[in-house]
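Structure record follows, encoded as structure tokens.
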Amino acid sequence: MKIPFLDLDAQYRSIKDDIDQSIARVIETKNFIQGKFVDEFCLNFTKVHGGEHAVGCANGTSAITVLLRALGVGPGDEVITVTNTFFATLEAIHEVGAKIVLVDCLADTYAMNVDEAASKISSRTKAIIPVHLYGNPVEMRKVVKLAKKHDLMVIEDCAQAHMATFENQAVGTFGSGATFSFYPGKNLGAYGDAGLVLCKDSSLRDAVSQHVNHGRLGKYEHAFFAGNFRMDGLQGAVLNTKLKYIGEWTKKRINNAQIYDRLLKKNGFKVIEVTSGAKCVYHIYLVEVSNRAQVMEDLKDKDVESLIHYPVPMHLQPALQDMKFKVGEFPVAERATSRIMSLPMFPELTEEQINYVVKNFLEV
Ligand SMILES: *Cc1c(COP(=O)(O)O)cnc(C)c1O
């Protein structure tokens, strides 16, 4: 049995007619850039996921960048985030000229250690970016309390957490604003690059919209230098079609994770512990092992794909060399990084396939 890490083909086959028609409509109406398909998707996303206002972006990375810019974060400011994330979170902070301040993650949930974040706050700290990594929410009540106390902006990186909640509140609705990615492999994936900013405030929405689209006041009137970070109509149409299924797909991911959990935990393996009070949407399902290279190699021989998310924590990336972080500085993330491996996880994965993955995993 061949088990891919992710099966986007299975998903396409299940909704092919819908998708093909939505793409044809974009071509017929030529709403190629922004326009009605993007507007429709943004509105529907707030209805399905939660939140007030949404602005479509070119990708998840530029979504963080334009949100930071619209919030006025820039040179001289410090932004706290976590070393256990995807590089894009840090790139956006760097892009606006702010200083990256890192904290460790928690060993059980792999989410930001918010108590440690408290210890990194200085007079220059302007914002905190909790990342709901793997779809497992950060303890947002603690984040919000901390932000209130120190007058910080909260920007949630929800790239892996569509439909996730903390204490029954949608992630992305706790702070100043939030960002999503619709990279094809994400829980809600476009057919190309796409991203989104979610915010409560209509004036922030308008500022983000300007930052996304050449600082435009009118067609040929520009308030400031901004750039082009717009969402394509094709992506808006594909996403709007897929949005109808995201509730069902999320349930299936959670159900699949529960099957994995049952089989792996009884054999003593450490897996993602869901943050207390949260709904984890399992963008990634991971397990810790001490002999990872061997396990991954043996699974590959059995036609089971596995990956590592992520093999190098951010503080040890070559790009951060000048910041002089040290090995051992964030021990929890470093230990996890050396042990974690991600098993196949997607909605269409069957119980039979999961049994096959785990059987071979346990035989190593
Ligand atoms: C995917 C991802 C991003 C970036 O999104 P792109 O659409 O690929 O630019 C940012 N943060 C996290 C945590 C991600 O997983």
Side-chain angles (χ1 to χ4, degrees), residues 5-6 8 38 41 45 54-69 79-96 100 102-103 105 109-112 127-138 140 143 154-164 171-172 175 177-198 211-212 227-232 234-236 238-239 242 253 272 275 280-286 307-315 317 319 333 336-337 340 342 345-346:
F5 185 74
L6 176 66
L8 289 179
V38 172
F41 169 64
F45 187 80
V55 181
C57 297
N59 54 64
T61 310
S62 58
I64 312 173
T65 307
V66 294
L67 180 55
L68 287 169
R69 283 187 184 145
V79 179
I80 298 174
T81 193
V82 65
T83 190
N84 186 34
T85 182
F86 175 65
F87 187 52
T89 320
L90 279 72
E91 278 179 305
I93 302 170
H94 181 268
E95 181 63 25
V96 301
I100 297 163
L102 294 176
V103 300
C105 64
T109 62
Y110 305 97
M112 172 185 266
I128 179 166
I129 308 186
V131 182
H132 306 302
L133 201 72
Y134 313 137
N136 196 22
V138 173
M140 288 311 294
V143 173
V154 177
I155 294 154
E156 294 170 73
D157 182 342
C158 305
Q160 305 190 1
H162 321 76
M163 306 299 281
V171 298
T179 62
F180 289 80
S181 165
F182 307 112
Y183 177 83
K186 295 283 161 76
N187 288 21
L188 181 61
Y191 284 180
D193 272 317
L196 179 142
V197 170
L198 198 62
H211 277 279
V212 161
N228 171 2
F229 306 99
R230 298 175 303 217
M231 187 190 280
D232 283 352
L234 277 171
Q235 305 313 338
V238 166
L239 288 167
K242 284 196 179 188
R253 280 180 184 273
I272 297 175
T275 298
C280 174
V281 296
Y282 291 99
H283 173 58
I284 296 293
Y285 186 89
L286 63 73
L307 296 168
I308 303 169
H309 299 88
Y310 295 92
V312 183
M314 293 307 112
H315 66 285
Q317 291 288 344
T337 295
I340 51 175
S342 313
M345 169 54 85
F346 49 91

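First listed ligand is number 1; within each ligand, the first listed atom is number 1.
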(request) Would you please name every residue forming a ring pair (Phe, Tyr, Trp, His ring centres under 6.0 Å) with Phe229, sequence neighbours left out? (result)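 Partners of Phe229 under the ring pair (Phe, Tyr, Trp, His ring centres under 6.0 Å) test: none.
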
(request) Not counting sequence neighbours, which residues clear ring pair (Phe, Tyr, Trp, His ring centres under 6.0 Å) with Phe87? List them please. (result)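 Scan of Phe87 (ring pair (Phe, Tyr, Trp, His ring centres under 6.0 Å), adjacent residues dropped) gives none.
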
What does the contact table look like for ligand 1 (nitrogen or oxygen on each side, cut-off under 3.5 Å)?
unit_1   : atom_1 : unit_2 : atom_2 : d
ligand 1 : 5 (O)  : Ser181 : OG     : 3.2
ligand 1 : 7 (O)  : Gly60  : N      : 2.7
ligand 1 : 7 (O)  : Ser181 : OG     : 2.6
ligand 1 : 9 (O)  : Gly60  : N      : 3.3
ligand 1 : 9 (O)  : Thr61  : N      : 2.9
ligand 1 : 9 (O)  : Thr61  : OG1    : 2.5
ligand 1 : 11 (N) : Asp157 : OD1    : 3.4
ligand 1 : 11 (N) : Asp157 : OD2    : 2.8
ligand 1 : 15 (O) : Gln160 : NE2    : 2.8
ligand 1 : 15 (O) : Lys186 : NZ     : 3.1

(request) For this output row, return yes or no: ring centroids of His132 and Phe180 closer than 6.0 angstrom. (result)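 That pair fails the under 6.0 Å test.
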
(message) Do Tyr191 and Lys242 make a side-chain contact, defined as non-hydrogen atoms from C-beta onward lying under 4.5 Å apart?
(response)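 Touching, per the 4.5 Å side-chain cut-off.
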
(message) My understanding is that only one of His283, Gln160, His162 makes a side chain to side chain donor-acceptor pair (under 3.5 Å) with Asn187; could you say which?
(response)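 Of all the options given, the one that passes is His283.
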
(request) Can you sort out the partners of Ile100 under side-chain contact (heavy atoms from CB on, under 4.5 Å), two or more places apart, ordered by chain and number? (result)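 Partners of Ile100 under the side-chain contact (heavy atoms from CB on, under 4.5 Å) test: Leu90, Ile93, His94, Leu102, Met323.
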
